[in-house]
Amino acid sequence: MKIINTQEPEKLVRERGILDVHSIFHTIQGEGPFCGQPAVFVRLAGCNLQCPGCDTNYTSNRKKMSHCDIWQEIVRVTGEAKTNLVVITGGEPFRQPEVANFINYLIDMKGYRVQVETNGTMPIPRELNYNCVVVCSPKAAKIHPSVSARADAFKYVMKSGNVNEEDGLPLQALDHRATPFIARPPVHFKGKIYLQPMDEQDDDANKANAQAVVKYAMKHNYIVQLQIHKYLGVE
Ligand SMILES: Nc1nc2[nH]cc(C(=O)O)c2c(=O)[nH]1
Ligand code: SF4
Ligand SMILES: [Mg+2]
């Protein structure tokens, strides 16, 4: 059955020292440059977009937490494990620019490696530590110039039949409207570009999406990515 995202879009919020958090959990990073690596995920609440095909609940049970509260919860869910990677996702993490201070605290004060997932529409605060790995998955026609300048990798969610033949990248992602099509990496982008089949929760549609990903990855030299957490049955 097809699920349509009904979570309301939310605006940028600044709150010094506090983040609005949806959940914190220990799992395996299922996507992108750290795919397969154990990680603690911090899912921030709320998103400025409302992609119809979004597979994520980012609004329920939200809680305002200080940097120290979040770090304590990271330590608690990690337990005895050796995990040293924190992934910040959402929702849209940069909807809360305070996230940059939190990421810097994790890297500089606590010694974590940090990766952040973003839709690319919100500015990346200048103070963000350069060691933070930024993965951008565009859903809108424009991404913020600070994201073009700073993104380490791009990730595109592909639905079959919805592809630009010229560059092999999707016209839309997760059925979000984008005119004429979703943002591209900067012209001379040197980082990795991932293609991921859209999960439509339908075997036939998913098979067609996987075939499209293989076809365009092979033609344009992109990296195929599956959401391995869904195959592993982890969060
Ligand atoms: N295991 C796991 N890996 C992920 N990589 C990106 C995710 C996301 O929802 O942003 C995600 C997620 O939700 N779970
Ligand atoms: S930008 Fe990401 S989190 Fe926000 S609605 Fe779209 S897919 Fe969901
Ligand atoms: Mg997810």
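Whatever order the structure lists them in is the order used to number ligands and atoms, beginning at 1.
- For ligand 1 and Glu117, the ligand atoms under 4.0 Å from any heavy atom of the residue are 5 (N), 6 (C).
- Those atoms of ligand 1 with a heavy atom of Thr27 less than 4.0 angstrom away are 1 (N).
- Between Arg95 and Glu10, at least one side-chain nitrogen of the basic residue sits less than 4.0 Å from a carboxylate oxygen of the acidic one, meeting the salt-bridge criterion.
- Remark: among candidates Leu174, Thr89, Val157, the nearest residue to atom 7 (S) of ligand 2 is Leu174, based on non-hydrogen atoms.
- Close contacts of ligand 1 with Gly30, meaning ligand atoms under 4.0 Å from a residue heavy atom, involve 1 (N), 2 (C), 3 (N), 4 (C).
- A salt bridge is defined here as a Lys NZ or Arg NE, NH1 or NH2 lying under 4.0 Å from an Asp or Glu carboxylate O, and Asp20 with Arg62 meets this definition.
- Figure legend: cation-pi geometry between Arg184 and Phe189 absent, as NZ or CZ is not positioned both under 6.0 Å from the six-membered ring centre and within 45° of its axis.
- Given atom 11 (C) of ligand 1, the protein heavy atom at minimum distance is Phe41 CE2, 3.4 Å.
- Checked for salt-bridge contact, Lys192 and Asp152 miss the test: no charged N lies under 4.0 Å from a carboxylate O.
- Asn104 places no side-chain N or O within 3.5 Å of a backbone atom of Leu106 that could act as its donor or acceptor partner.
- Side-chain atoms of Pro33 and Val135, non-hydrogen and from C-beta on, do get closer than 4.5 Å to each other.
- The aromatic ring centroids of Phe102 and His67 lie less than 6.0 Å from each other.
- Remark: ligand 1 and Thr89 share an N or O pair separated by less than 3.5 Å (distance only, no angle test).
- Below the 2.8 Å limit, atom 4 (Fe) of ligand 2 has as protein N, O or S neighbours Cys47 SG.
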* Would Phe94 and His144 satisfy side chain to side chain contact (heavy atoms under 4.5 Å, CB included), going step by step from the backbone distance to the final call? -> CA-CA 11 Å; Phe94 293 116; His144 193 272; over 6 Å; no
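- Checked by distance only, ligand 1 and Val234 stay at 3.5 Å or farther apart across all their nitrogen or oxygen atoms.
- Comment: Asp69 does not engage Lys64 in a salt bridge, judged by the lack of any side-chain N to carboxylate O separation of less than 4.0 angstrom.
- The part of Glu235 lying near ligand 1 is the backbone, judged by heavy-atom distances below 4.0 Å.
- The protein heavy atom nearest to atom 13 (O) of ligand 1 is Arg43 NH2, 2.8 Å.
- Geometrically, ligand 1 and Gln29 share a nitrogen or oxygen pair separated by less than 3.5 Å.
- Between Val133 and Arg113, every side-chain heavy-atom pair lies at or beyond the 4.5 Å cut-off.
- For ligand 1, the polar-atom distance check finds an N/O of Ile28 within less than 3.5 Å of one of the ligand's N/O atoms.
- Remark: the backbone N or O of Thr56 is paired with a side-chain donor or acceptor of Gln7 at under 3.5 angstrom.
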